[in-house]
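Here is the structure we will look at.
Numbering of ligands and ligand atoms starts at 1, following listing order. Count residues from 1 along the sequence. Note that the structure is predicted; figures quoted are calculated from it, not measured.
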Amino acid sequence: MGSSNSPRVAFVGGGNMARSLIGGLVRTGAPTDTITVAEPNDALRQALAADFGVATFADNVAACAQAEVIVLAVKPQVMRPVCEGLCGIVQKNRPLLLSIAAGIRIDQLSGWAGGGAAVVRSMPNTPALIGAGATGLCANAETSAEQRAIATTILGATGLTVWIDNENQMDVVTALSGSGPAYFFLLVEALEEAAVAQGLPRDAARALATQTALGAGRMLREDGETPSRLRERVTSPGGTTQAALDAFARGGLRELVATAVDAATLRGRELSAASGA
Ligand SMILES: NC(=O)C1=CN([C@@H]2O[C@H](COP(=O)(O)OP(=O)(O)OC[C@H]3O[C@@H](n4cnc5c(N)ncnc54)[C@H](OP(=O)(O)O)[C@@H]3O)[C@@H](O)[C@H]2O)C=CC1
Ligand SMILES: O=C(O)[C@@H]1CCC=N1
């Protein structure tokens, strides 16, 4: 962003994910007077105003009054009343609705806001906080090419963006990259515990596990080789890595990962079903 034609963006919900997206926008040069935030928590409002210089509101409609884009950044469980409360302003001004909520479908968002709205459903992740996010996005037919480009700019300010054509696949995106950081954190936790159990001091175990995760992640992105080829390069025949990988295989690691992703995908579908049509 960062020009006089930056769109006016209102965030509804000023929690963790909204903070990371606002930070990305401000870092990449969006004028702070184009950003407003609605957030019920007084302390959060004050922190957002102090940290980013954006205007904050306790009232959702007031925050969205001038917005060309409304970023819906509340929990899935409160999305319905939030959209219903914005119905009047959406029908009057026809802003783009840009949701980051897990599970909630485009037709639900549009219907709750009175119908006919341009809607982009997206799924960012917490590395957005440090500009290393990964976001899947999906638009409905009412969304113009210009609005898609705006959505790409907003989410792209925090990292990689990937457009998904089939909305049904957004629950898989949620299960993969939305929840995914937690899977890698869990693996690092488990590696640290295992090394401590073998006698390594905790500080050393955490530092080595953390740097190994970073190094492996950078190789995945920068080396150009497939994950399986990179794994093979570490694995000397009859060596230590092979012994560990055999133990993972005996424990059914791949099947367990598939079961976990399936559970997260199903949970996304349950979240939308629980909110009604
Ligand atoms: N955390 C993650 O890793 C990811 C989360 N998401 C999605 O992002 C969304 C937000 O998650 P996250 O930032 O973690 O959650 P947070 O709870 O940190 O943020 C949500 C904010 O919305 C506020 N809020 C509650 N009700 C309303 C309302 N009626 N109007 C306006 N604001 C309201 C909450 O206030 P209060 O706390 O006072 O209720 C809270 O500050 C969710 O839909 C989630 O599915 C997407 C990708 C990754
Ligand atoms: O756990 C959740 O439901 C949210 C969505 C993806 C990451 N956190």
Q) Does atom 30 (N) of ligand 1 have a protein heavy-atom neighbour under 4.0 Å away? A) yes
Q: Tell me which one of M17, K75, M79 gets a heavy atom nearest to atom 15 (O) of ligand 1.
A: K75
Q) At what distance is the nearest protein heavy atom to atom 37 (O) of ligand 1, and which residue and atom is it? A) E39 OE2, 4.9 Å
Q | Listed partners of E84 passing salt bridge (charged side-chain N to carboxylate O under 4.0 Å, His left out), at least two apart | A | R80
Q: Considering heavy atoms of the protein only, find what lies nearest to atom 1 (O) of ligand 2 and give residue, atom and distance to 0.1 Å.
A: S179 OG, 4.5 Å
Q | Element-labelled atoms of ligand 1 that are located less than 4.0 Å from some non-hydrogen atom of T126 | A | 2 (C), 3 (O)
**Q.** Any protein heavy atom nearer than 4.0 Å to atom 7 (C) of ligand 2
**A.** yes
Q.
Taking distance alone, with N or O pairs closer than 3.5 Å, would you say N125 contacts ligand 1?
A. no
Q. Within the structure, does M123 bring an N/O atom to less than 3.5 angstrom of an N/O atom in ligand 1?
A. no
**Q.** D107 and S110 side chains, donor-acceptor separation under 3.5 Å
**A.** no
Q) In terms of residue, atom name and distance, what is the protein heavy atom nearest to atom 19 (O) of ligand 1? A) G15 CA, 3.2 Å
Q) Mind checking whether N16 has an N or O less than 3.5 Å away from an N or O of ligand 1? A) yes
(Q) Once rounded to the nearest 0.5 Å, what's the spacing between atom CD1 of I35 and atom CZ of F11? (A) 6.0 Å
Q | Part of T174 within contact of ligand 1 (heavy atoms, under 4.0 Å) | A | neither
Q | ligand 1 N/O within reach of A102 N/O, cut-off under 3.5 Å | A | yes
Q.
Using a strict threshold of under 4.0 Å (side-chain N to carboxylate O), is an ion pair present between R121 and D171?
A. yes
(Q) On a heavy-atom basis, I'd like to know which of G178, P124, A182, S179 is closest to atom 47 (C) of ligand 1. (A) P124
Q) Side chains of W163 and T152: do they bring a donor and an acceptor to under 3.5 Å? A) yes
Q | Option with minimal heavy-atom separation from atom 25 (C) of ligand 1, where the choices are A18, A101, P40 | A | P40
Q.
On a heavy-atom basis, which atom in S99 and which in L109 lie closest, and how many Å separate them?
A. CB-CD1, 3.5 Å
**Q.** Short N-O contact, D223 and R229, less than 4.0 angstrom
**A.** no
**Q.** For R202, salt bridge (charged side-chain N to carboxylate O under 4.0 Å, His left out) partners two or more places apart
**A.** E192, E193
Q) So between A102, P181, A175, G180, whose heavy atom ends up nearest atom 3 (O) of ligand 2? A) A102
Q) What residue and heavy atom of the protein are closest to atom 20 (C) of ligand 1, and at what distance? A) A73 O, 3.6 Å
(Q) Considering non-hydrogen atoms of the protein only, which is the closest contact for atom 6 (N) of ligand 1, and what is the distance? (A) I100 O, 3.7 Å
Q: Give a yes or no on whether F248 atom CZ has more than 12 heavy-atom contacts from other residues, nucleotides or ligands under 6.0 Å away.
A: no
Q) Under 3.5 Å, is there a donor-acceptor pair between the E39 and N41 side chains? A) no
Q: Would you indicate whether the side-chain heavy atoms of L21 and L25 approach each other to under 4.5 Å?
A: no
Q | Ligand-side contact atoms (ligand 2) for residue partner G178, heavy atom cut-off under 4.0 Å | A | 6 (C), 7 (C)
